[in-house]
Amino acid sequence: MRRSVLLLAVCQALAMTGTSSLMTVGALAGKMLAPDPRMATLPFAIQFIATALSTIPASLLMARTGRRIGFTVGQLIGIAGAALAAYAIYVGSFWLFMAASPLLGVHNAVWQYYRFAAAEVSSAEYRARAISYVLAGGVVAAVAGPQLAILTVDLSAATFSATYAAMVGLSVAAIAILQFIDVPKPVPADYAGGGRRIAEIIRTPVFMVAATSSTIGYGVMNMLMTSTPLAMIGCGFGFGDSAHVIQWHVLGMFAPSFFTGHVIRRIGVVNVIVIGCALQAGAIAIAVAGVDWENFLFGLMALGVGWNFMFIGGTTLLTESYAPDERAKTQAAHDFMVFAMVALTAYSSGFLHETLGWVSVNLIAAVPVSLAFVAAVWFRLATGARRAAS
């Protein structure tokens, strides 16, 4: 069990290293190629739309073939997408760059299931920590991703092209490691439509609160992170400055994963979600307070830790909402909601930043964070009332 979780964490580290390096350069590459600056984050939006649309078929594919085959297929698609994006930048084609985005989106959809695979190989007592430890693989990405972007930004004659090319190597390494992971065989009833209908599962309070936490936590984080390099360049900071802020942000996202599972066991998953909402609200307050380097740094760090608590908390709570023969469709529905929101925020962040400005982007983000906070507090009070009544 622990060996499989460790290997999944290594694969997570490789995936997140590639993703964080692309997050560092993606909006800037889009702006460099786009015919209109307001379209700078459109490739990100297309990427995350593809991620959202791929979550359901990816989950159902793995329910039939097993996690190892599904994860390997996802990495192969990622190799194709990264290679195409690198070529698109080299020849200066925005539309070819756009064509690479769906492939990268499918790749992202598949490796997001590493955390669920960790839950499936673990005992009930170890489940929260297994999810947390796999996401802790992102700590490597916090250091390696932005550094990889800095090292490769001008490595090719075409700025940013080599950063995408480097992702090919990361995916090849992940494919090799995946062949040594021992994961449970598919449950036939899972892909045959066993258990309750998905509409019934979605209407349960535990699913709604879990999905709200994950969806808003991820969406708000993505909205502010994606527009941060644009805001910093607009405020006169250099590429290295924004890369280091993203680096500390990604560290804030994943470093807490070493203890988030323990915190969940100690104070409860819903309390962790509430704290995550408060941290994201604090990040927005820091961003609105000024545009100094420290505002970007500490705001993005708080945003990352808030994401960690909301996403791990939501994922952990989600595992309480389904039976073994319901997991594929429930996980797929959850991740579809998450990445549909991420797709929306990926494009809207660039558009809103160009039309309304950095402060307005943050104020808009405060609305969904408040809703997630209210939902988590309501669920905690309702659960406590039921326990007292029983």
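Note that the numbering runs from 1 along the sequence shown for the chain. Everything numeric in this text was worked out from a predicted model, so none of it was measured. Hydrogens, waters and symmetry mates play no part in the numbers below; they use all other heavy atoms, side chains included.
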May I ask you to decide if the ring planes of Phe116 and Tyr113 are parallel, tilted or perpendicular, using 30° and 60° as cut-offs?
tilted
Separation between CG of Leu22 and CE of Met167, rounded to the nearest 0.5 Å
5.5 Å
Which atom of Ile273 lies closest to which atom of Gly314, heavy atoms considered:
CD1-N, 4.0 Å
For the residue pair Phe336 and Leu53, establish whether any side-chain heavy-atom pair is separated by less than 4.5 Å.
yes
Does atom CZ of Phe237 have more than 12 heavy-atom neighbours from other groups under 6.0 Å away?
yes
Heavy atoms, side chains only, cut-off 4.5 Å: are Phe309 and Cys277 in contact?
no
Which value, rounded to the nearest 0.5 Å, describes the distance between Met98 atom CE and Ser101 atom OG?
6.5 Å
Could you report the tightest heavy-atom contact between Ala366 and Ser370, atom names first, then the distance?
O-OG, 2.9 Å
Would you indicate whether the side-chain heavy atoms of Tyr114 and Leu178 approach each other to under 4.5 Å?
yes
Is there a donor-acceptor pair under 3.5 Å between the side chain of Arg327 and the backbone N or O of Tyr322?
no
Is it true that, when you exclude Trp248 itself, more than 12 heavy atoms of the residues, nucleotides or ligands shown sit nearer than 6.0 Å to its CH2?
no
For the CE atom of Met32 and the CD1 atom of Ile89, what is their distance to the nearest 0.5 Å?
5.5 Å
Minimal non-hydrogen separation, Ala210 against Leu317, with atom names
N-CD2, 3.7 Å
Between Leu300 and Val342, is there a shared hydrophobic cluster once you connect ILVMFWY residues whose side-chain heavy atoms come closer than 4.5 Å?
yes
Determine whether a donor-acceptor pair (N or O, by modelled atom type, separation under 3.5 Å) exists between the side chain of Ser59 and the backbone of Ile56.
no
So, for Thr228 and Leu224, which heavy atoms are closest and what is the spacing to 0.1 Å?
OG1-O, 2.6 Å
Verify same cluster id: Val367, Ile364 (apolar side-chain graph, 4.5 Å)
no
Under a 4.5 Å side-chain heavy-atom rule over Ile, Leu, Val, Met, Phe, Trp and Tyr, are Phe180 and Leu8 clustered together?
yes
Quick check: do Leu230 and Trp358 have side-chain heavy atoms less than 4.5 Å from each other?
no
Ring centroid separation for Phe298 and Trp293, is it under 6.0 angstrom?
no
Under 3.5 Å: donor-acceptor pair, side chain of Asn271, backbone of Gly268:
no
Decide yes or no on side chain to side chain donor-acceptor pair (under 3.5 Å) for Ser349 and Ser227, but give the supporting numbers first.
CA-CA 6 Å; Ser349 63; Ser227 56; 5.1 Å; no
Suppose we call two aromatic rings close when their centres sit under 6.0 Å apart. Are Phe339 and Tyr218 close by that rule?
yes
Measure the shortest side-chain to side-chain distance between Val220 and Thr345 over non-hydrogen atoms and say whether it is less than 4.5 angstrom.
no
Please tell me whether Val359 and Leu303 are part of a single hydrophobic cluster in this structure, the criterion being side-chain heavy atoms less than 4.5 Å apart.
yes
Any donor-acceptor pair under 3.5 Å from Thr383 side chain to Arg380 backbone:
no
Show your reasoning for whether side-chain contact (heavy atoms from CB on, under 4.5 Å) applies to Ile150 and His244.
CA-CA 9 Å; Ile150 292 171; His244 284 113; 4.2 Å; yes
Can you tell if the side chain of His262 reaches within under 4.5 Å of the side chain of Arg129, non-hydrogen atoms only?
yes
Are Val106 and Leu96 connected in a single hydrophobic cluster, I mean Ile/Leu/Val/Met/Phe/Trp/Tyr linked by side-chain heavy atoms less than 4.5 Å apart?
yes
Examine Tyr164 together with Phe97 and report whether their ring centres are nearer than 6.0 Å.
yes
Under a 4.5 Å cut-off applied to non-hydrogen side-chain atoms, are Met301 and His249 in contact?
no
How long is the gap from CH2 on Trp111 to CG on Leu14, to the nearest 0.5 Å?
11.0 Å
Does the pair Thr72 and Gln179 meet the rule for a side chain to side chain donor-acceptor pair (under 3.5 Å), with working shown?
CA-CA 8 Å; Thr72 301; Gln179 310 317 307; 3.1 Å; yes
Assess whether atom CZ of Phe373 is packed by more than 12 heavy atoms of other residues, nucleotides or ligands within 6.0 Å.
no
Heavy-atom closest contact (Ala86 atom, Ser161 atom, distance):
O-OG, 2.8 Å
Distance col, row Leu356:CG vs Leu363:CG, nearest 0.5 angstrom, shows 10.0 Å
Under 3.5 Å donor-acceptor, Asn295 side chain and Ile286 backbone
yes
Run the numbers on Thr19 and Asn108 for side-chain contact (heavy atoms from CB on, under 4.5 Å), then give the verdict.
CA-CA 8 Å; Thr19 298; Asn108 287 344; 3.8 Å; yes
Could you grab the distance from atom CD1 of Ile175 to atom CG of Leu76, nearest 0.5 Å is fine?
4.0 Å
For Leu318, does its backbone N or O pair with a side-chain atom of Ser321 as donor and acceptor, under 3.5 Å?
yes
Donor-acceptor pair, side chain of Glu326 and main chain of Arg196, under 3.5 angstrom:
yes
What verdict does the side-chain contact (heavy atoms from CB on, under 4.5 Å) test give for Met39 and Lys31, after you've listed the backbone C-alpha separation in whole Å, the side-chain angles of each residue and the deciding distance to 0.1 Å?
CA-CA 7 Å; Met39 299 171 67; Lys31 188 172 184 177; over 6 Å; no
Answer yes or no: is there an ion pair linking Arg115 with Asp335, defined by an N-O contact shorter than 4.0 Å?
yes
For the pair Ile275 and Ile267, evaluate side-chain contact (heavy atoms from CB on, under 4.5 Å) and give the outcome as yes or no after the intermediate values.
CA-CA 11 Å; Ile275 294 171; Ile267 68 174; 3.9 Å; yes
On a heavy-atom basis, which atom in Val338 and which in Ser214 lie closest, and how many Å separate them?
CG2-CB, 3.8 Å
Closer than 3.5 angstrom, by distance alone: can the side chain of Thr55 be matched with the main-chain N or O of Ala52 as a donor-acceptor pair?
yes
Under 3.5 Å: donor-acceptor pair, side chain of Thr204, backbone of Glu200:
no
Any side-chain heavy-atom pair of Met223 and His353 under 4.5 Å
no
Check whether any side-chain N or O of Asn308 sits under 3.5 Å from a backbone N or O of Gly304 as a donor-acceptor pair, and report yes or no.
no
